[in-house]
Participant: 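The structure that follows is given in the form of structure tokens.
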Amino acid sequence: MVPVLTVLLVWAGGVRALTGVGVCTCDLSPGLCDLNCCCDPDCSLSDPTTVFSFCLPGSTKVQRWACLSSWLMFRSNAPYPTTNIAPVTPGSPNLFCVLPSDSSLNYFIAPRTVSLGDFSALSARYSGASFSPAPESNPAVPASYKAGDPIFTISPGGTLGQLRQPAAVGDSSVCSFSNPARFLASGTTSCLRVINSVSGSCQADPTLGTQYYYRNISVIGANPTGTVITSQSVPIISLVTDTPILQGGSCNNVVSQVSYTVRYNGTAGIVSVAASFTLVNISGTSVSLVQSFGVLYESVSSVAPGTVRSGNPGYLVGLPVLSDAGPLLVPRSVGGSCTSGPVGFGENTLSACAIRGTGAETCGDLATRAYSTLLGGKLPQAVATVGNTVATQSGQWVPIIYQNCSNQPPGNCTSCPVPVSLAIHILWANVGQLSNPQAQVLGARFQYRCQLVQCQDATILQTQVTFTDLTQRGPPPRSCATGPVAPGLLHQWTSGTLLPLAWVLLGYMLHLWDG
Amino acid sequence: MALYEVYSHPALLRYRSSICSKATLFILIVLLLTYIPPLLVAFRSYGFWLKTSTYEEQPNVRFQYDVLLIALSSTTGNYLAWSTYPGFNNLVGDKLRLPHISAREEDRNQDGKMDLLNFQLELPLQPTDNIYGVQLILTFSYQLSKMSTFIMQSMALIQYSSPIPGSQLYMNGDLKLQQRQPLNHRGLDTTYNVSVINRSSPFASTYALTNIISSYQERNVTTVLNAPNPLWIVGRAASDPFVIKAVIRYPVESISYVPGFWEMLKYAWIQYVSILLIFLWVFERIKIFVFQNQVLTTVSGPIPSLYKSHQS
């Protein structure tokens with residue numbers, strides 16, 4: 001099969017090319033001969049190919065020929081110019097080419113004139129996106145705040161601002177002090193301050209002192225009239241008024257934590273704002289300080305905040321598992337010492353920390369401490385079955401099955417039996433409707449493993465938490481049946497996807513019957 | 001003179017029987033065995049119903065001219081930033097640097113669809129500044145129209161970091177489509193025609209890259225910049241800006257889609273009929289054998305005379 005070729009032929013060099021190109025796009029320096037520009041009249045060359053190694057695109061005549069093998073075509077009576085081209089490579093067929101004079105292939109259309117009247121219309125029709133500086137509208141104080149709105153403040157001088165909740169921006173953890181707090185979105189942000197010179201920044205950097213966060217800031221509670229009046233605003237109250245003081249090489253009273261408590265009264269707006277601070281002393285040459293900023297919203301009608309549920313009723317994934325001694329805890333290693341953190345429901349966890357016997361501690365003391373540390377300092381006896389269990393309800397607790405180490409003789413400090421590992425195994429299942437399953441704890445087993453250690457050595461205590469789903473599932477939904485073939489096939493028949501084909505077959509059979 | 005067969009045609013034989021007879025039963029069973037088993041064979045050999053298919057299309061991609069740049073200017077977490085989002089620029093405060101940006105989209109084959117984006121950004125630096133890493137988000141509008149009309153706002157993340165301070169980052173790659181589920185075969189799909197970053201938000205959480213990436217990856221259809229060879233060019237004169245040059249190509253994509261009803265039926269029909277032909281041939285032979293040899297009793301009509309067909 002001989003393909004019909006459409007090739008773009010380039011006529012290189014020669015006087016023919018020089019005269020054939022009406023527009024010479026590469027003649028950029030008038031009066032001078034441009035390098036490799038074969039159509040530049042300043043070069044006054046009869047054959048530019050003798051001087052230039054190649055001709056720049058656009059400097060030679062380009063024609064769009066439609067070609068096919070010449071043996072396919074015997075004679076042309078088309079009104080277009082034709083030519084026969086000898087094969088470029090030996091063996092390939094001669095080409096018979098037609099030069100179509102199709103005006104749609106050219107841009108020879110008179111450009112339209114643009115006037116003031118139709119500029120915008122034309123530009124809107126053809127232009128796509130571009131860099132467009134969005135006009136920054138001045139923020140207007142709303143009549144009443146909606147959830148998620150920034151909260152406006154006003155300075156004694158009448159300058160509008162916003163209540164700030166500094167946060168990290170982008171992917172860096174460095175603080176940005178421009179982040180606005182969102183109305184009703186209680187939460188804490190923390191970010192990093194890198195203080196290169198403690199003595200220099202201590203009193204010069206306003207963000208290290210408490211006053212930056214409350215002084216001369218009044219929160220606009222609401223704006224029902226549309227015109228901001230200073231009397232409608234509520235000042236931020238702070239009981240802490242200490243300012244940073246440089247003492248020796250140490251900077252005292254540096255803000256490490258700011259907590260705003262905003263009380264609001266429905267749509268009537270913000271009633272009061274109180275700020276509380278945690279201050280630290282920093283010293284050294286270059287310090288990385290983590291500052292955290294919390295905003296808590298409280299309704300004036302709300303009662304004192306109570307306990308937070310871990311689900312209602314079933315546990316939600318990630319929320320703490322409840323025990324009779326509060327949330328279930330596992331040890332955590334922070335900076336070389338042991339602290340504790342809660343166990344999230346459904347998350348298999350491994351955590352560890354190391355303890356070391358002190359001078360006065362006996363082997364028994366160390367073992368007791370290890371037992372306590374493995375559970376984050378508490379010894380719970382029961383686990384709540386559901387996330388909304390209240391301590392007084394007796395039916396919603398499952399006792400913990402403890403498997404302590406086999407009774408070993410109390411050793412001395414050179415060979416002391418100490419629990420080094422605790423395996424917490426929690427069995428749970430989904431109960432209730434398939435569409436709205438509720439996770440429920442069925443049982444918990446705490447299994448210790450002991451080892452003989454020396455009291456003075458560091459002993460690694462490790463707690464692992466495993467969750468096992470015991471849910472008894474019903475028959476799978478029909479759409480993903482993986483069982484026997486027949487139900488699936490039957491289902492296909494009834495579900496309608498096969499039905500049209502059945503109709504077609506039926507029609508075909510009826511046609512045969514008639515025949 | 002030798003004779004040759006100039007033409008032939010089959011003669012029709014008629015076998016008659018009453019409705020309640022073995023022959024009728026036989027014909028019924030053969031009819032069922034001819035038409036039902038090919039369906040079962042085609043169905044049980046899988047792939048009877050075409051579930052997904054693919055087609056090729058060059059997407060209509062346009063740069064949306066939204067840029068978010070974070071340049072890491074120290075190894076301890078300090079940065080310089082700029083974006084086309086006014087909220088973000090407010091947040092970064094004194095870390096804002098105003099760059100020079102040029103962007104040009106090229107339609108190389110003059111088919112009305114852009115083929116690549118040339119992007120260049122020059123970030124002015126102080127003589128003491130060093131750039132150790134770059135994160136740059138560019139947004140695009142991405143449109144497919146061959147099968148279903150699919151419109152989305154997508155992004156490309158350019159990210160590079162190096163322990164050696166650089167003077168230029170050169171990226172040259174493809175903006176590839178990533179599908180987690182096939183597209184429809186027709187209709188309009190604007191599920192993801194939402195901004196990657198909310199332009200009007202003043203909050204820091206909107207511009208946190210973890211939030212941007214996590215919400216973007218929730219999408220079933222995304223684009224990703226596939227630039228396997230980023231170049232980090234080091235050595236910068238004190239007064240020079242940091243330059244990011246990127247060439248982002250919009251290649252032809254192979255897009256998977258859910259075929260429509262008629263396309264499904266067409267492929268099912270092809271499979272069914274090709275198996276049916278074998279069954280038809282086999283059972284035709286069996287029927288001819290059974291009736292010619294009178295295995296089942298039938299009244300066979302006389303072979304019609306070709307010359308006297310109009311008599312009697």
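Numbers restart at 1 for each chain; the letters A, B, ... are given by sequence-line order, proteins then strands.
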Participant: What part of B/A208 is in contact with chain A, defined as an atom under 4.5 angstrom from a non-hydrogen atom: side chain, backbone, both or neither?
Facilitator: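 For B/A208, the contact with chain A is made by backbone and side chain together.
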
Participant: Give, as side chain, backbone, both or neither, the part of B/I70 having an atom under 4.5 angstrom from any heavy atom of chain A.
Facilitator: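 Side chain of B/I70 only, per the 4.5 Å heavy-atom cut-off to chain A.
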
Participant: Quick one: what part of B/F88 sits under 4.5 Å from any heavy atom of chain A, side chain, backbone, both or neither?
Facilitator: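 Only the side chain of B/F88 comes within 4.5 Å of chain A.
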
Participant: Report which part of B/Q64 has an atom under 4.5 Å of a heavy atom belonging to chain A: side chain, backbone, both, or neither.
Facilitator: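 Both backbone and side chain.
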
Participant: If you measure only the distance, is there a donor-acceptor pair under 3.5 Å linking the side chains of B/D66 and B/T84?
Facilitator: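 Side chains of B/D66 and B/T84: pair found under 3.5 Å.
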
Participant: Looking at the rings of A/Y145 and A/Y264, which for Trp means the six-membered one, are their centres under 6.0 Å apart?
Facilitator: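 Not close enough - the centres of the two rings lie 6.0 Å or further apart.
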
Participant: For the backbone of B/L169 and the side chain of B/Y160, can you confirm whether one donor and one acceptor N or O come within less than 3.5 Å of each other?
Facilitator: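 No, because the side chain of B/Y160 does not come within donor-acceptor range (under 3.5 Å) of the backbone of B/L169.
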
Participant: Is a side-chain N or O of A/Y213 found less than 3.5 angstrom from the main chain of A/T207, in a donor-acceptor match?
Facilitator: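 Yes, the answer is positive, given that a donor and an acceptor are paired below the 3.5 Å cut-off.
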
Participant: Sort out for me which of B/T210, B/V67, B/L209, B/L91 touches chain A most, counting heavy-atom pairs under 4.5 Å.
Facilitator: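 Top count of heavy-atom pairs under 4.5 Å with chain A: B/L91.
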
Participant: Return the set of residues passing side chain to side chain donor-acceptor pair (under 3.5 Å) with B/R108 (not counting sequence neighbours), or none when no residue passes.
Facilitator: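 Counting only residues at least two positions away or on another chain, B/R108 forms a side chain to side chain donor-acceptor pair (under 3.5 Å) with B/E106.
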
Participant: Where does B/Y79 contact chain A at under 4.5 Å (heavy atoms): side chain, backbone, both or neither?
Facilitator: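 Just the side chain, heavy atoms under 4.5 Å.
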
